Amino acid sequence: IDEKFVKRGCFPADDVEAYHAAALIIQRGFDLELIPIWDMVNHEVLEKVNVETNSLRSKEGLIVHAKQAITAGDEILYTYN
C-alpha cells in the first residue's frame with residue numbers, strides 16, 4: 001500500500017480510512033478491480049480450487065467456469081495466486 005498508493009500521492013500515510021479502503025481492495029479485489037459477487041469467492045489451495053478463469057484483461061472480459069460439478073451449498077473456491 002505504501003509503495004503503490006502513499007508514495008505515489010494517492011493519499012497520505014496517516015489517512016486511516018483510505019489505507020483501510022486500499023487494503024480491502026487488495027484483499028478482495030481481482031487485479032485491483034472489485035467485481036460484484038466475485039469478491040465473495042473464497043481462496044483455497046490449488047488442489048481444492050473448483051473454478052477456472054480467463055484474464056480479466058481479455059477481449060471477452062472475465063469469464064469464470066466450473067472445473068467440476070458444484071452442488072447447491074458448495075463454496076466457489078479460487079486461488080488468489
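The structure displayed is predicted, hence computed values, not measured ones.
The same ILVMFWY cluster, assembled from side-chain heavy atoms under 4.5 Å apart, contains both Ile76 and Val64.
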Under the side-chain contact (heavy atoms from CB on, under 4.5 Å) criterion, do Tyr78 and Leu46 qualify, and how do the steps go?
-> CA-CA 8 Å; Tyr78 185 71; Leu46 194 57; over 6 Å; no
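Taking a 6.0 Å sphere around CG of Leu62, one finds it holds more than 12 heavy atoms contributed by other residues, nucleotides or ligands. The neighbour count for Glu3 CD, taken as heavy atoms of other residues, nucleotides or ligands under 6.0 Å away, does not exceed 12. Applying the 6.0 Å contact sphere to CD of Glu17 captures no more than 12 heavy atoms from other residues, nucleotides or ligands.
To the nearest 0.5 Å, atoms CG (Leu56) and CD1 (Ile63) are separated by 11.0 Å. Note that OG1 of Thr79 is 8.5 Å distant from CD of Glu44, once rounded to the nearest 0.5 Å. The line from CD1 of Ile1 to NZ of Lys7 is 13.0 Å long, rounded to the nearest 0.5 Å. Taking CG of Leu77 as the reference point, atom NZ of Lys67 lies at 10.0 Å (rounded to 0.5 Å).
Of all heavy-atom pairs spanning Val49 and Val51, the tightest one is CG1-O, 3.2 Å.
When only modelled atom types and interatomic distance are considered, Asn42 and Glu75 share a side-chain donor-acceptor pair under 3.5 Å.
Partners of Lys59 by side-chain hydrogen bond (donor to acceptor under 3.5 Å, both in side chains), not counting sequence neighbours: none found.
Aromatic ring pairs are classed by plane angle as parallel below 30°, tilted from 30° to 60° and perpendicular above 60°; the pair Phe11 and Phe5 is parallel.
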